[in-house]
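See structure below.
Sequence positions, counted from 1, serve as the residue numbers for this chain. Every number for a ligand or one of its atoms is a count from 1 in the order of the listing. All heavy atoms count here, side chains included; hydrogens, waters and symmetry mates do not.
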Amino acid sequence: MHANNHSIKRVAVLLTALSLPSAVMAWPWSQDMMNQPSIKPQEGVMTPFPHRSVPVMGIPTKVASRDEAKDLVNPIPLSAASLKKGRTLFRIYCAACHGLSGKADSPVSGKIGAIDLTDDYVQKTLTEGWVWGTITFGSFVMPAYGVPGEQGGSNDLSVEERWHVVNYVKNGLVKESQVAAK
Ligand code: HEC
């Protein structure tokens with residue numbers, strides 16, 4: 001009777017010990033793969049590229065501000081595929097503030113002063129490079145989507161993704177909102 005009681009207690013202690021860490025995902029091996037000695041993206045000093053090497057995507061990214069970006073030529077040709085990518089990204093990254101239609105009609109557009117992207121100001125006055133630069137470096141209130149470090153993070157859009165968004169803003173947004181209005 002006594003011995004029996006003991007072993008029940010022992011089993012109970014063992015079960016508690018086993019189940020506690022798993023409740024918080026704290027097994028030593030839960031993070032082993034994550035915390036290995038490796039260089040993570042954007043971490044540490046990068047080895048300089050060998051002399052005369054060319055970026056794989058062939059797209060220059062060496063502009064430091066929106067002003068410098070304004071005359072960049074869009075390297076992504078306009079195509080159905082690019083518009084589709086741009087549209088998807090726009091709806092994820094931009095619509096919360098600028099509205100799905102781009103017409104500053106989301107619930108927060110007015111509160112933060114997001115502008116109508118279908119206006120002549122964006123459609124005609126601003127260059128494609130400037131729009132790309134706005135996405136990359138942010139604006140006054142608008143956040144940056146292409147600056148690593150403090151201002152950026154998991155929200156970052158790649159260089160190409162930003163050009164797809166430009167293609168959509170400049171070539172898909174107005175057409176789509178006209179179709180929707182009919
Ligand atoms: C957090 C809200 C927010 C998000 C998200 C946002 N914007 Fe904006 N955007 C603004 C506001 C506010 C302004 C006007 C004030 C300013 O320039 O910061 C603006 C201005 C702009 C302008 C005009 C810049 C100029 O020179 O006047 C463009 C173009 C633009 N946004 C495009 C985009 C695109 C494309 C996206 C998605 C990648 C996006 N925005 C995401 C808030 C946002």
Side-chain angles (χ1 to χ4, degrees), residues 34 39-46 49 53-182:
M34 213 188 313
I39 297 178
K40 310 211 162 63
Q42 314 284 347
E43 209 179 63
V45 183
M46 272 183 60
F49 292 112
S53 59
V54 173
V56 181
M57 309 304 265
I59 296 169
T61 58
K62 285 188 178 142
V63 287
S65 69
R66 190 158 53 156
D67 271 323
E68 286 180 24
K70 101 173 169 284
D71 297 324
L72 285 182
V73 176
N74 186 343
I76 307 273
L78 190 58
S79 66
S82 170
L83 282 177
K84 196 175 165 209
K85 280 183 200 153
R87 181 178 188 271
T88 303
L89 294 169
F90 182 88
R91 294 169 83 89
I92 295 169
Y93 288 90
C94 321
C97 292
H98 291 283
L100 287 169
S101 68
K103 288 173 166 290
D105 54 4
S106 94
V108 299
S109 298
K111 291 190 185 124
I112 55 165
I115 62 166
D116 182 346
L117 300 178
T118 65
D119 265 356
D120 276 0
Y121 167 62
V122 174
Q123 293 300 319
K124 302 207 170 121
T125 312
L126 300 185
T127 61
E128 295 201 338
W130 181 268
V131 175
W132 184 89
T134 300
I135 304 171
T136 304
F137 301 104
S139 188
F140 302 102
V141 179
M142 185 174 145
Y145 290 97
V147 185
E150 270 181 28
Q151 294 178 62
S154 54
N155 268 348
D156 283 356
L157 292 166
S158 73
V159 172
E160 301 89 72
E161 285 173 330
R162 279 171 261 151
W163 284 115
H164 290 309
V165 174
V166 171
N167 276 342
Y168 177 69
V169 166
K170 285 284 201 176
N171 303 281
L173 205 51
V174 173
K175 273 184 213 145
E176 196 171 320
S177 66
Q178 282 165 349
V179 171
K182 274 183 195 156

Among all protein non-hydrogen atoms, which one is nearest to [atom], and what is the separation to 0.1 Å?
{"atom": "atom 22 (C) of ligand 1", "answer": "Ile115 CD1, 3.8 Å"}
{"atom": "atom 19 (C) of ligand 1", "answer": "His98 CE1, 3.5 Å"}
{"atom": "atom 14 (C) of ligand 1", "answer": "Gly113 O, 3.5 Å"}

Is ligand 1 under 4.0 Å from a heavy atom in the side chain of Tyr145, in the backbone, in both, or in neither?
side chain
[X]: numbered ligand 1 atoms lying under 4.0 Å from its heavy atoms:
{"X": "Tyr121", "value": "25 (C), 26 (O), 27 (O)"}
{"X": "Ala114", "value": "11 (C), 12 (C)"}
{"X": "Pro143", "value": "1 (C)"}
{"X": "Tyr93", "value": "5 (C), 37 (C), 41 (C)"}
{"X": "Ile112", "value": "2 (C), 12 (C)"}
{"X": "Arg66", "value": "24 (C), 25 (C), 26 (O)"}
{"X": "Val165", "value": "35 (C)"}
{"X": "Ile135", "value": "35 (C), 38 (C)"}

Polar proximity ligand 1 side, [X] side, N/O cut 3.5 Å exclusive:
{"X": "Val141", "answer": "yes"}
{"X": "Cys97", "answer": "no"}
{"X": "Trp130", "answer": "yes"}
{"X": "Ser139", "answer": "yes"}

How close do [X] and [Y] get, counting heavy atoms only, and between which atoms?
{"X": "Met142", "Y": "Ile135", "result": "CE-CA, 4.1 Å"}
{"X": "Cys97", "Y": "Ser109", "result": "O-OG, 2.5 Å"}
{"X": "Trp132", "Y": "Val159", "result": "NE1-O, 3.4 Å"}
{"X": "Gln123", "Y": "Leu117", "result": "NE2-O, 2.8 Å"}

Going by the closest heavy atom to [atom], which one wins out of [options]?
{"atom": "atom 30 (C) of ligand 1", "options": "Gln123, Met142, Arg91", "answer": "Met142"}
{"atom": "atom 28 (C) of ligand 1", "options": "Val131, Leu117, Val122", "answer": "Leu117"}
{"atom": "atom 38 (C) of ligand 1", "options": "Gly86, Gly133, Cys94", "answer": "Cys94"}

Can you tell me how far the CG atom of Asn167 sits from the NZ atom of Lys85, to the nearest 0.5 Å?
10.5 Å
Please check if the side chain of Arg66 supplies one atom and the backbone of Gly133 the other of a donor-acceptor pair under 3.5 Å.
no
Without swapping roles, check the side chain of Glu161 against the backbone of Leu157 for a donor-acceptor pair under 3.5 Å.
no
The residue among Phe137, Tyr93, Phe90 that forms ring-ring contact (aromatic ring centres under 6.0 Å, His included) with Tyr145 is Tyr93
Can you name the one residue among Asp105, Ile115, Val108, Asp116 that meets side-chain contact (heavy atoms from CB on, under 4.5 Å) with His98?
Ile115
Given the rule in the side-chain contact (heavy atoms from CB on, under 4.5 Å) test, do Arg91 and Leu100 qualify, once you have shown the distances and angles that lead to the verdict?
CA-CA 6 Å; Arg91 294 169 83 89; Leu100 287 169; 3.8 Å; yes
Check this for me: does any side-chain nitrogen of one of Glu176 and Arg87 sit under 4.0 Å from a carboxylate oxygen of the other?
yes
Check for me whether Ala96 has a heavy atom closer than 4.0 Å to any atom of ligand 1.
no
Test item, Arg162 contacting ligand 1 (heavy atom, 4.0 angstrom):
no
Side chain to side chain, Ser177 and Lys103, heavy atoms closer than 4.5 Å:
yes
If we only count heavy atoms from C-beta on, is the Leu72 to Trp163 side-chain gap below 4.5 Å?
yes
